[in-house]
Amino acid sequence: MTLPPESTPTMEPETTSVDPSLLKKVTDTAWSFIRQKEGKLTRELLLEPGGFGLGKVPARLAPDATTTAVCGYCSTGCGLKIHLKNGEAVNLTPNTEYPVNLGMACPKGWEALNVLNAPDRGTTPLLKNAKSGRLEPVDWDIALASFTDRFKAIQEKHGPASVAFLSTGQLPTEEMTYLGSLAKFGMGMLHGDGNTRQCMATAVVAYKQAFGFDAPPYTYQDFEESDTIVLVGSNLCIAHPIMWERVMRNPHSPEIIVLDPRMTETAMQSTMHFPINPKSDQTLLYTIANILVQNNWIDWEFVNEHTNGIHEFIEFIEPFTLERAETETGIPQRDIKQLALKIHEGKRVSFWWTMGVNQSYQGVRTAQAIINLALMTGNIGRPGTGANSITGQCNAMGSRLYSNTTSLLGGHDFTVPEHREKVAGILGIDSQLIPDQNSKAYNEIMEGILRGEIKGLWVICTNTAHSWINQSQTKDILSRLDFLVVQDMYHSTETAQMADLFLPAAGWGEKEGTFINSERRYGLLKKVKTAPGNALSDFNIFRLISKYWGCDQLFEKWQSPEDVFQTMKQLSIGQPCDITGIKDYKMLDRLNGVQWPAATDAAELGSQRRLFEDGRFYHEDGRARFLFEEPKPLSEPTSSAYPFILNTGRGTASQWHTQTRTSKSEVLKKLYPESIYAELNPQDARELGVVSNDWIVVKSQRGRLRAKAFVTQAVRPRQIFIPMHYKETNVLTDAVFDPYSKQPSYKTCAVKVHLEGKLS
Ligand SMILES: Nc1nc2c(c(=O)[nH]1)N[C@H]1C(S)=C(S)[C@@H](COP(=O)(O)OP(=O)(O)OC[C@H]3O[C@@H](n4cnc5c(=O)[nH]c(N)nc54)[C@H](O)[C@@H]3O)O[C@H]1N2
Ligand SMILES: Nc1nc2c(c(=O)[nH]1)N[C@H]1C(S)=C(S)[C@@H](COP(=O)(O)OP(=O)(O)OC[C@H]3O[C@@H](n4cnc5c(=O)[nH]c(N)nc54)[C@H](O)[C@@H]3O)O[C@H]1N2
Ligand code: SF4
Ligand SMILES: [Mo]
């Protein structure tokens, strides 16, 4: 195996790839823990500058310099300047030239480097000792050999589909492409999904059905150009603070309308807040559509030329009267009328949605109810408009296009023979290696384990034993596996603790690749730090696995992430997400990121673009579709035994998901409550005899937790909100899914509440 080509994004490549003194030092330590395996592990492979984590300096960057990279937390995709000393990052500042964040960053971004040195970083592979049941350090050779032996043995006994993988929206796109290809084309797996199912599946399906391709249409400039901004189930101030800053820069005194059962930080700053009953959005949105129709506030020219299905939709929404809407949504009739009027009066109305919509047992149709409003008012394809799903993780969009889970690489379809032929041709592999069926979804993989059909699971860059719905069942399911491999930056995660084999991974800042942000912008991340101990970049772990598995010849072309990027370009040809106009990483860096599509020279395309300016959508007839369905009642209605509705989501701007990263920063820790808390309305608190900071007990039919009470008007009576960042939260949630997207409905289940020590 040869060294990967050097791809210095900001600086000229050095002539020698690895410093000779470094080479000696590295080999000395390296050979002491990695043995030659059938001549496969070569010295070059170990010394690869892309990041076997052993080299001290990132060889391609000058020792004292400032370079750039995009942030690795949320999907905003802010640009950062990273300052190096002796070849290692020592500090960072937000990039003032980057078109996304214009010099701003949130606390997580500012603290991004400081979570990399934590004592619980994985520095060596760990293998469970069969006798003691404890994880013990092993070298990479033993780790990779047991990975291969155990998974192969399971597949031989139970068939190839008995091993599955769960990936993520937080790896670079190139690593996702490698992983998905390795698992499905190299290792013969049929089933793989990822945490994007928990997050974006609803938006994916809603867009595919309505537009013909999974394509969020906006550019962030639209936040600044709207005169009416409608946020549905989206708490920008906390979850996307820099997008919110863009709203704050809007010079048109926009109407900011928030639909959220809670008075969130975003709702507090809005001009109109609708504290809608949980999961009644569909009714409200259909009623607004009905009002628009009744008043003939429809952009008929746009509708007639660019859409299908309006007449069926008009007929369907007739029964959605103001009376019905008031009863179901809890919003007074005059306010609903006012909302419809604002949407009509706005010249540039943009609709944005996030998890309050996606995480629902009826998410797809709710998202489409938003899309319908944008279509019928012609609010799409123009500045400041759009039916805009905001993504969550730094590379949620990358996983939607390249994780090889729900869709075949590049937004293709596993079930279409021409797509399989095309992808096989580009990869130079036999098309028979590409499965002709779709993967099981995350929940189906979990069910598969429960039924004993899936016996081996490889979890990469996600923390299932904290974030998946209904944890009591989840832990039981994971414990039934014959072999669980967890590949993570930290060995302390709830899932890693359950692993039979733990593989230590380099994280953001310790490797390179691209992320695709919410506005479809490819941004570059770089290796600015050495991974600790013997941790390796996921890219290199995948390469090693392909060698040990014996399928590395399939991926010979992919010696570096940028090689994969070049393949991704080819895969994108003819797709709506075409990126053939981006020459290489250097160009991406120079242009401050590039949005897809970029089918022609990206340097000529301008720094930002929105979709559908010509009114043409991706269905064969070029038209968008109105899609709708009768709303369903709450999946778990309240009762006298469980009288509260539990809502969950993001707590503060300083906490990230399962807290494996953000809990390692001393600065961030000062910015959020240490222990789990539950927001409770003062009226309920009085009835329960609870004051703030009392410990309360919250129970659902599935489990119980204790939390500190936080008494606040922000939640409505008989509702309670608990952030997702604490490991207990998902003990309560109910494993219910949207029928089309299979996304978990994390935001509503029935619970009871009482003061600790007091019988309920
Ligand atoms: N600080 C921080 N930022 C993050 C993340 C993080 O962990 N921490 N995670 C990132 C990720 S992956 C994601 S997906 C995004 C999520 O970003 P958001 O979706 O904005 O965050 P959530 O708090 O999950 O949910 C948003 C709102 O939905 C509301 N909601 C609940 N039920 C309903 C309903 O029935 N109708 C309506 N209209 N609203 C409802 C909740 O009250 C909540 O305020 O954030 C990203 N950004
Ligand atoms: N109740 C409730 N539950 C929810 C939600 C909710 O709103 N309510 N939201 C859901 C949503 S939208 C999401 S996106 C999920 C998120 O759920 P998870 O994906 O489980 O959350 P993270 O903490 O981001 O987990 C990422 C893991 O990857 C590791 N990691 C980070 N970088 C790297 C890397 O480069 N390589 C490797 N190998 N590992 C790395 C981290 O240490 C961490 O363990 O949670 C979902 N769960
Ligand atoms: S808003 Fe998101 S991308 Fe920007 S600095 Fe914060 S976490 Fe990073
Ligand atoms: Mo998410």
Side-chain angles (χ1 to χ4, degrees), residues 72-76 106-108 115 121-122 166-172 175 194-200 231-241 258-262 264-267 274 276-281 284 353-360 366 390-394 396 459-469 471 486-490 492-496 503-511 535 537-538 541 645-662 672 714-715 719 721-725 729-730 732-733 743-744 746-748:
Y73 282 105
C74 89
S75 62
T76 309
C106 85
K108 293 184 297 302
V115 303
R121 278 299 299 271
L166 290 175
S167 73
T168 185
Q170 292 176 58
L171 287 180
E175 294 186 343
N195 63 9
T196 314
R197 180 73 58 182
Q198 295 161 289
C199 185
M200 300 316 306
L231 296 161
V232 189
S234 178
N235 189 4
L236 278 193
C237 289
I238 295 297
H240 300 93
V258 172
L259 272 57
D260 196 309
R262 288 191 306 142
T264 58
E265 294 76 358
T266 314
F274 293 84
I276 183 171
N277 285 340
K279 299 294 155 264
S280 65
D281 304 69
L284 181 68
W353 81 86
T354 323
M355 292 308 117
V357 171
N358 281 1
Q359 291 173 342
S360 164
T366 308
I390 301 170
T391 56
Q393 306 169 80
C394 48
V459 176
I460 308 101
C461 196
T462 185
N463 191 4
T464 306
H466 175 142
S467 62
W468 187 245
I469 201 156
Q471 275 300 314
V486 176
Q487 185 167 320
D488 203 287
M489 291 169 67
Y490 304 94
S492 56
T493 75
E494 289 84 2
T495 318
L503 303 176
W508 172 91
E510 298 164 346
K511 57 184 180 183
S537 70
D538 294 279
I541 298 176
I645 293 178
L646 169 71
N647 178 2
T648 66
R650 276 75 199 154
T652 66
S654 304
Q655 284 165 295
W656 180 258
H657 293 165
T658 74
Q659 288 271 66
T660 65
R661 286 194 272 171
T662 38
Y672 61 79
V715 289
Q719 292 181 27
F721 176 80
I722 306 183
M724 63 163 299
H725 311 295
T729 310
N730 276 319
L732 302 172
T733 49
Q743 180 155 345
Y746 284 112
K747 297 251 186 284
T748 41

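Along the sequence shown, residues are numbered consecutively beginning with 1. What's counted below: heavy atoms across the whole structure, side chains too, no hydrogens, waters or symmetry copies. Order of listing sets the numbers, starting from 1, for every ligand and every atom in it.
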- Checking side chain to side chain donor-acceptor pair (under 3.5 Å) against W353, which of D281, T366, N358 comes through? N358
- heavy-atom search around atom 19 (O) of ligand 1 in the protein gives M355 N, 2.8 Å
- Task: Report yes if the side chains of M355 and C199 come closer than 4.5 Å at any heavy-atom pair, otherwise no.
- Result: yes
- Query: Where does A239 meet ligand 1, judged by heavy-atom distances below 4.0 Å: at the side chain, the backbone, both, or neither?
  - Reply: both
- Item | Min N/O separation I238 to ligand 1 under 3.5 Å | yes
- Check whether any N or O atom of L259, backbone or side chain, sits under 3.5 Å from an N or O atom of ligand 1, and answer yes or no. yes
- Query: Taking non-hydrogen atoms only, is T652 closer than 4.0 angstrom to ligand 1 via side chain, backbone, both or neither?
  - Reply: backbone
- Message: Which residue and atom name correspond to the protein heavy atom nearest atom 33 (C) of ligand 2, and how close is it?
- Response: C461 SG, 3.4 Å
- Answer with side chain, backbone, both or neither: which part of H240 has a heavy atom less than 4.0 angstrom from an atom of ligand 1? side chain
- Task: Considering only non-hydrogen protein atoms, determine which one is nearest to atom 16 (C) of ligand 2 and report residue, atom name and distance to 0.1 Å.
- Result: H657 ND1, 3.5 Å
- Message: Within the structure, is a non-hydrogen atom of K108 found at a distance of less than 4.0 Å from ligand 1?
- Response: yes
- Has ligand 1 got any nitrogen or oxygen that is less than 3.5 angstrom from a nitrogen or oxygen of T391? no
- Is the closest N or O pair between K747 and ligand 1 shorter than 3.5 Å? yes
- Who's the nearest protein heavy-atom neighbour of atom 2 (C) of ligand 1, and how far? Q655 O, 3.3 Å
- Proximal ligand 2 atoms for G507, defined as those under 4.0 Å from one of its heavy atoms: 35 (O)
- Task: Could you find the nearest protein heavy atom to atom 41 (C) of ligand 2 and give me its residue, atom name and distance?
- Result: T660 OG1, 3.1 Å
- Message: For ligand 1 and H725, I'd like to know whether there is a polar contact (N/O to N/O, distance under 3.5 Å).
- Response: no
- Item | Residue, atom name and distance, where the atom is the protein heavy atom closest to atom 18 (P) of ligand 1 | T354 CG2, 3.7 Å
- Query: Going by distance only, is there an N or O of N277 that falls short of 3.5 Å from an N or O of ligand 1?
  - Reply: no
- Task: State whether the shortest distance between N or O atoms of N235 and N or O atoms of ligand 1 falls below 3.5 angstrom.
- Result: yes
- Message: If I apply the N/O under 3.5 Å rule, does S280 come out as touching ligand 1?
- Response: no
- Query: Does any N or O atom in K279 lie less than 3.5 angstrom from one in ligand 1, N or O only?
  - Reply: yes
- Message: Please report whether ligand 1 has a polar contact with D281, defined as an N or O pair separated by less than 3.5 Å (distance criterion only).
- Response: yes
- Message: Among all the protein's non-hydrogen atoms, which is closest to atom 36 (N) of ligand 2, and how far away is it?
- Response: D538 OD2, 2.8 Å
